[in-house]
Amino acid sequence: MSSDINTLLEMGFSENRAKRALVATHYKGIQDAMEWLIAHSDDPSLDEPFQEPEGHKLGETSSADAGDATATPEEKTTQAEGDKPAVAKSLKCDDCGKLLKTPTDVEAHAARTSHQNFSESEEEIKPLTEEEKKAQLAKLQEKIKQRQAEKEEQEKQEALEKEKLRRKQGKEMTNIKQKMEMDEIKKLAEFKKREKMEDKLARQRVREQIARDKAERAAKFGKMSPSATTPTGGTPSAPSAAPQQEPTTAPAAKKEYDEARIQIRLTDGSTLVQTFKADELLAAVRVYVEMNRKDGTGPFTFMTTFPRKVFSTEDMETPLKHLGLLPSAVLVTKPL
């Protein structure tokens, strides 16, 4: 058995692997040990410390072998002649013609090739020559390289799939974050819009209340009837005849507009057109532009080209009818 170990060591296997393979194949020979090593090349326990079975050491002969060794040539011949007829020396695969030593080898061969037809054979499996050993070693090394390449390719594909999954999850997280940010921006815009509208309505109610108060004071103090007058020390004299006046044509009443059609030119050249009430403030036009513009989000004011005028912050609190924007006007947005 020591020669088998040395042969496997020469072929590049470690002593631990060589001993394990020979024990696993019941010391059937180099070929079986090599096939076992090929079949178990990916076994992680192959390089673990190996403990030889009790009662038999590799390279030692058993008691039966020792008896045979001490027997004389005549006794050996007698024993050989008594064993006739000769038993089968190997098992043959009828599908491919390969010779196998043990039923275990047959099972392993059938598992690898799916061959099912086997028979006993008197052919003896010859030991491997140096050339055959080198060929088997080259074949074994090629198979090991192939398996390593397949394993590396599999690991590469797994790493690629993991990277794809990581990128996909990262993209989904980015989309979710962007959606949450957009929802937050929309909520903030809606809140500002509602706040501006409420502020606008509050100012409008204050102005309407002021206007009603002015109207009530005017009706109370500005429209009193004149007192009748009498001459001194006597009865009221008869009223003198009023001088006749020629009828005059009343001036044409100025037409009052209650709406303003405003065209707004944005910074990108696009336009917005909307009709507003005459009493609405210029700030209402700015709120409308902020809600519908698509040329940006920066602050801005309005201006007219003819006559040229840039509206100030105070003008935003002035009704459109007081700014001369009735019945229609063109406003140009001017970034601040």
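All figures in this text were calculated on a predicted structure; none of them were measured in a lab. Both backbone and side-chain heavy atoms feed into the values below; hydrogens, waters and symmetry mates do not.
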Treating Ile, Leu, Val, Met, Phe, Trp and Tyr as nodes and any side-chain heavy-atom pair under 4.5 angstrom as an edge, say whether [X] and [Y] lie in one connected cluster.
X: Y288; Y: M316; result: yes
X: M34; Y: V23; result: yes
X: L9; Y: Y27; result: yes
X: F300; Y: V330; result: no
X: V332; Y: I264; result: no

Between [X] (side chain) and [Y] (backbone), is there a donor-acceptor pair under 3.5 Å?
X: D279; Y: P319; value: no
X: T301; Y: F311; value: yes
X: T333; Y: R265; value: yes
X: S270; Y: L266; value: no
X: R17; Y: L8; value: no
X: N117; Y: D94; value: no

Is any side-chain N of the basic residue among [X] and [Y] closer than 4.0 Å to the acidic one's carboxylate O?
X: K134; Y: E131; answer: no
X: K277; Y: E259; answer: yes
X: K196; Y: E290; answer: yes
X: E15; Y: K19; answer: yes
X: D183; Y: K187; answer: no
X: E256; Y: K321; answer: no
X: E152; Y: K156; answer: no

Q) How far apart are the C-alpha atoms of E150 and Q154, what are their side-chain angles, what is the distance that settles it, and do they pass the side-chain hydrogen bond (donor to acceptor under 3.5 Å, both in side chains) test? A) CA-CA 6 Å; E150 292 175 354; Q154 182 179 0; over 6 Å; no
Would you call [X] and [Y] a side-chain contact if the rule is heavy atoms closer than 4.5 Å?
X: F118; Y: L100; result: yes
X: R217; Y: K214; result: yes
X: L282; Y: L320; result: yes
X: N16; Y: R20; result: yes
X: D95; Y: T113; result: no

Closest heavy-atom pair and its distance - [X], [Y]:
X: A21; Y: A33; result: CB-O, 3.8 Å
X: G29; Y: L22; result: O-CD2, 4.2 Å
X: L326; Y: A278; result: CD2-CB, 3.4 Å
X: S90; Y: L99; result: OG-CD2, 3.8 Å
X: H115; Y: A110; result: O-CB, 3.4 Å
X: R147; Y: A39; result: NH1-O, 4.2 Å

If you round to the nearest 0.5 Å, how far is [atom2] of [Y] from [atom1] of [X]?
X: L325; Y: F302; atom1: CG; atom2: CZ; result: 10.0 Å
X: T25; Y: E35; atom1: OG1; atom2: CD; result: 9.5 Å
X: E158; Y: E153; atom1: CD; atom2: CD; result: 10.5 Å
X: E317; Y: L281; atom1: CD; atom2: CG; result: 6.0 Å
X: D199; Y: K192; atom1: CG; atom2: NZ; result: 14.5 Å
X: R203; Y: L201; atom1: CZ; atom2: CG; result: 9.5 Å

Q) Would Q263 and V273 count as a side chain to side chain contact (heavy atoms under 4.5 Å, CB included) if you check the C-alpha gap in whole Å, the side-chain angles of each, and the deciding distance to 0.1 Å? A) CA-CA 4 Å; Q263 183 182 35; V273 180; 3.9 Å; yes
Is it the case that atom [atom1] in [X] sees more than 12 heavy atoms from other parts of the structure closer than 6.0 Å?
X: E155; atom1: CD; answer: yes
X: R293; atom1: CZ; answer: yes
X: K309; atom1: NZ; answer: yes
X: R212; atom1: CZ; answer: yes
X: E208; atom1: CD; answer: yes
X: M291; atom1: CE; answer: no

Q) Does a donor on one side chain sit under 3.5 Å from an acceptor on the other, for S312 and D315? A) yes
Q) Given E190 and R194, is the salt bridge (charged side-chain N to carboxylate O under 4.0 Å, His left out) satisfied, shown in steps? A) CA-CA 6 Å; E190 290 293 332; R194 185 167 58 253; 5.2 Å; no
Q: Please lay out, stage by stage, how K200 and V287 fare under the test side chain to side chain contact (heavy atoms under 4.5 Å, CB included).
A: CA-CA 10 Å; K200 172 187 171 183; V287 171; over 6 Å; no
Q. Would R166 and Q169 count as a side-chain hydrogen bond (donor to acceptor under 3.5 Å, both in side chains) if you check the C-alpha gap in whole Å, the side-chain angles of each, and the deciding distance to 0.1 Å?
A. CA-CA 5 Å; R166 186 190 66 79; Q169 292 176 346; over 6 Å; no
